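In what follows, a structure is listed as structure tokens, so that the remarks can point back to it.
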Amino acid sequence: MPERENKTKDLEKIRKRRKVVKYLYLAFLLFLVLYVPGVLLASGGAGADLAIIGNGTIIDFIEAEGLVVRDDKIFDMPFDGVFIKEADEGERIPAGYKIASIVDQTFESTFTKMVSLDNEILARKKDGDINSGIFTKDLLHIEKKIQTGIQEIALMIATGSLENLQSIMIEINNYSTYRDEIISGSSSSDAYTEDLEAQKEILQQSLSGKVVSKYSIEPGYISYRVDGYEDIYNTENIVEFTPEEIREAVERGGNIESDETGEIFARLSTGNYFTIAFVLDEDEAERLKSSGNAKLYIDELGIQFYVNKIEFGVESDGKVCVFFQTNKKLNELASVRTVKARIIFYEFSGLMVPVKSLVNMDAHPIRQVELAMLQDNWVHFIEVEVIAKDNSNAIITSPGGGLSLFDYYVLKPKKVQEGQVVK
């Protein structure tokens with residue numbers, strides 16, 4: 001009997017020991033499931049990806065081809081000949097300015113020679129070479145006279161005939177004085193320049209009736225690039241064009257420089273503004289109406305500017321004529337008929353982060369957008385305002401502050417939680 005009781009007691013001990021082991025095992029499992037993940041998260045065990053806030057720019061734009069329209073005064077060739085430009089391409093000139101000289105074709109070389117002489121005369125007078133002395137015919141002539149006199153004196157001494165010595169000495173002395181005056185600049189005589197002016201006068205007389213000068217009758221931007229559309233397109237009639245007509249104009253609008261008889265050789269763009277006509281989709285035109293303003297960037301010319309006024313014209317088959325009026329960059333645009341431009345709806349610069357790093361971005365603006373910031377190695381979610389965004393990035397600011405350049409933030413906020421320690 002005692003032996004049986006002992007066996008029973010031993011069996012109960014074993015059962016109790018097994019229960020203790022079972023409870024300990026369950027407790028260990030709970031520890032692994034509940035406590036360890038928390039420790040791992042708090043110690044940065046989740047491996048949060050961090051990045052630094054930087055500056056960036058987001059631009060919302062569309063690309064389009066436009067037709068540049070101006071109010072032009074045209075200049076025709078009066079006869080068979082060539083024109084000589086008197087102003088630079090795209091230069092703004094005043095009223096009464098000489099824009100070109102038209103020369104009879106058979107007298108082109110004569111005219112070119114006359115212009116060369118005129119330029120040399122002006123250069124000598126401007127640079128003070130009129131009295132430089134050394135290269136003028138005056139000095140060459142004087143030096144020759146002095147040398148001749150010296151040779152005569154040497155011959156007189158050699159032959160013993162000194163009757164005219166005194167007069168020759170006086171002549172040499174006079175020539176020397178005259179030479180010194182020219183070199184010192186006290187004399188205005190310049191035979192070489194006078195000779196150039198005489199040659200120019202002869203050429204001018206030979207060109208009488210063979211050269212016609214063209215002058216501007218009002219101020220404007222001059223261009224020697226013409227395309228034959230100067231009378232067709234102007235700022236008044238362009239608003240009546242349909243999208244199809246503007247498209248065709250853009251496709252065939254070229255710049256052809258011409259100097260042929262009876263054709264336009266130059267044009268003067270008057271007024272204080274140009275118009276650039278675009279054809280846009282309806283939704284793009286609506287966006288422009290909503291914004292009320294836009295900026296143009298023309299890649300080929302490397303220029304950008306805000307337009308002064310936007311007007312909307314004929315609408316057809318989902319396309320709308322849009323007219324940008326500008327008084328900017330008129331000299332750069334004076335020579336072109338068509339442009340490839342970016343129409344910029346908005347352009348924002350500021351603190352930029354990837355869209356994927358923002359919490360609730362998919363539900364914006366219904367839900368508050370947050371960014372997981374790192375403050376003293378602790379994750380802290382702050383509210384941010386999205387100023388602008390594209391497919392990849394967003395420009396943000398913080399209404400409550402706490403957002404600065406070079407701050408750390410979490411790239412994948414779904415992998416962290418508030419208060420988590422990240423090392």
Side-chain angles (χ1 to χ4, degrees), residues 57 59-74 87-95 216 218-227 229-243 245-251 253-255 266-281 284-315 319-348:
T57 301
I59 304 176
D60 183 16
F61 68 92
I62 58 173
E63 294 183 340
E65 287 189 89
L67 182 73
V68 181
V69 180
R70 297 165 283 257
D71 295 322
D72 291 319
K73 302 294 183 183
I74 58 177
D88 294 330
E89 181 71 28
E91 180 182 353
R92 180 170 177 80
I93 60 175
S216 63
E218 57 185 299
Y221 293 88
I222 189 68
S223 176
Y224 302 96
R225 295 194 175 116
V226 297
D227 52 26
Y229 303 129
E230 286 75 18
D231 290 332
I232 300 175
Y233 307 128
N234 56 61
T235 58
E236 289 186 5
N237 67 19
I238 193 64
V239 296
E240 304 297 332
F241 278 57
T242 65
E245 289 172 328
I246 291 179
R247 277 182 168 180
E248 291 177 4
V250 169
E251 290 176 359
N255 295 315
R267 55 182 170 81
L268 185 70
S269 299
T270 59
N272 297 317
Y273 68 91
F274 293 168
T275 295
I276 306 179
F278 294 95
V279 176
L280 304 181
D281 294 332
E284 295 169 345
E286 286 298 323
R287 292 182 64 191
L288 278 176
K289 289 180 181 179
S290 300
S291 64
N293 196 8
K295 184 165 68 171
L296 289 182
Y297 179 77
I298 301 176
D299 298 274
E300 185 177 358
L301 300 176
I303 58 175
Q304 60 180 345
F305 52 91
Y306 282 98
V307 296
N308 300 76
K309 186 178 181 181
I310 302 177
E311 294 183 343
F312 300 87
V314 179
E315 181 177 342
K319 302 295 182 180
V320 182
C321 297
V322 182
F323 307 103
F324 287 36
Q325 187 183 107
T326 178
N327 61 4
K328 311 291 194 307
K329 307 297 181 180
L330 301 188
N331 57 327
E332 288 94 334
L333 295 172
S335 302
V336 300
R337 175 64 73 185
T338 60
V339 294
K340 292 183 178 179
R342 296 182 190 177
I343 301 176
I344 301 173
F345 293 100
Y346 65 76
E347 180 176 356
F348 289 101

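Note that the structure is a prediction, hence the values are computed from the model and not measured. By convention here, the first residue in the shown sequence is residue 1.
- A heavy-atom distance below 4.5 Å is found between the side chains of Pro243 and Val314.
- Here the CZ-OH distance, from Arg267 to Tyr229, works out to 13.0 Å after rounding to the nearest 0.5 Å.
- Closest approach of Cys321 to Ile246, counting heavy atoms only: SG-CD1, 3.6 Å.
- In this structure the side chain of Val226 never reaches within 4.5 angstrom of the side chain of Ile74, judged on heavy atoms.
- Here CD1 of Ile59 is found 10.5 Å from OH of Tyr346. Values are rounded to the nearest 0.5 Å.
- Between Gly302 and Tyr297, the shortest heavy-atom distance links the atoms CA-OH, 4.2 Å.
- Counting only N and O atoms by type, the side chains of Asp71 and Thr270 include no donor and acceptor under 3.5 Å apart.
- Taking both residues in full, the closest heavy atoms of Val320 and Glu315 are given as CG2-CG, 3.7 Å, listed atom of the first, atom of the second, then distance.
- Listed here is the closest heavy atom pair of Phe305 and Lys295: O-CG, 3.3 Å.
- No donor-acceptor distance shorter than 3.5 angstrom exists from the side chain of Asn331 to the backbone of Tyr221, with no hydrogens or angles considered.
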Stepwise, does the side chain to side chain contact (heavy atoms under 4.5 Å, CB included) test hold for Ile343 with Val322?
CA-CA 11 Å; Ile343 301 176; Val322 182; over 6 Å; no
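- Of the inter-residue distances, the one linking Thr275 atom OG1 with Tyr233 atom OH reads 14.5 Å to the nearest 0.5 angstrom.
- Contact check for Ile238 versus Leu67: side-chain heavy atoms found under the 4.5 Å cut-off.
- Val307 places a side-chain heavy atom less than 4.5 Å from the side chain of Asn293.
- Atom CD of Glu218 sits about 5.0 Å away from atom NZ of Lys73, to the nearest 0.5 Å.
- Closest approach of Ser335 and Glu89 over heavy atoms only: OG-OE2, 2.5 Å.
- Taking a 6.0 Å sphere around CZ of Arg92, one finds it holds more than 12 heavy atoms contributed by other residues, nucleotides or ligands.
- Side-chain polar atoms of Asn327 and Asn272 form no donor-acceptor pair below 3.5 angstrom.
- Contact check for Phe278 versus Leu296: side-chain heavy atoms found under the 4.5 Å cut-off.
- The pair Lys289-Glu286 meets the salt-bridge criterion, since a charged nitrogen lies less than 4.0 angstrom from a carboxylate oxygen.
- Gly66 approaches Ile276 most closely through the heavy-atom pair CA-CG2, 4.1 Å.
- Residue Leu288 holds its CG atom at 5.0 Å from CZ of Phe312, rounded to the nearest 0.5 Å.
- In this structure, CD on Gln325 lies 8.0 Å from OG1 on Thr235, to the nearest 0.5 angstrom.
- Using a 4.5 Å heavy-atom cutoff, the side chains of Lys319 and Asp281 are in contact.
- With contacts defined as side-chain heavy-atom distances shorter than 4.5 Å, the pair Val69/Asn237 does not qualify.
- Qualifying salt bridge (charged side-chain N to carboxylate O under 4.0 Å, His left out) partners for Arg342, counting only residues two or more places apart in sequence or in other chains: Asp299.
- A donor-acceptor pair is defined here as one N or O able to donate and one able to accept, closer than 3.5 Å; such a pair exists between the side chain of Arg337 and the backbone of Val68.
- Side-chain atoms of Asp60 and Phe348, non-hydrogen and from C-beta on, never get closer than 4.5 Å to each other.
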Evaluate the side chain to side chain contact (heavy atoms under 4.5 Å, CB included) criterion for residues Val336 and Ile298: first the C-alpha distance (whole Å), next the side-chain angles of each, then the deciding distance (0.1 Å), finally the verdict.
CA-CA 12 Å; Val336 300; Ile298 301 176; over 6 Å; no
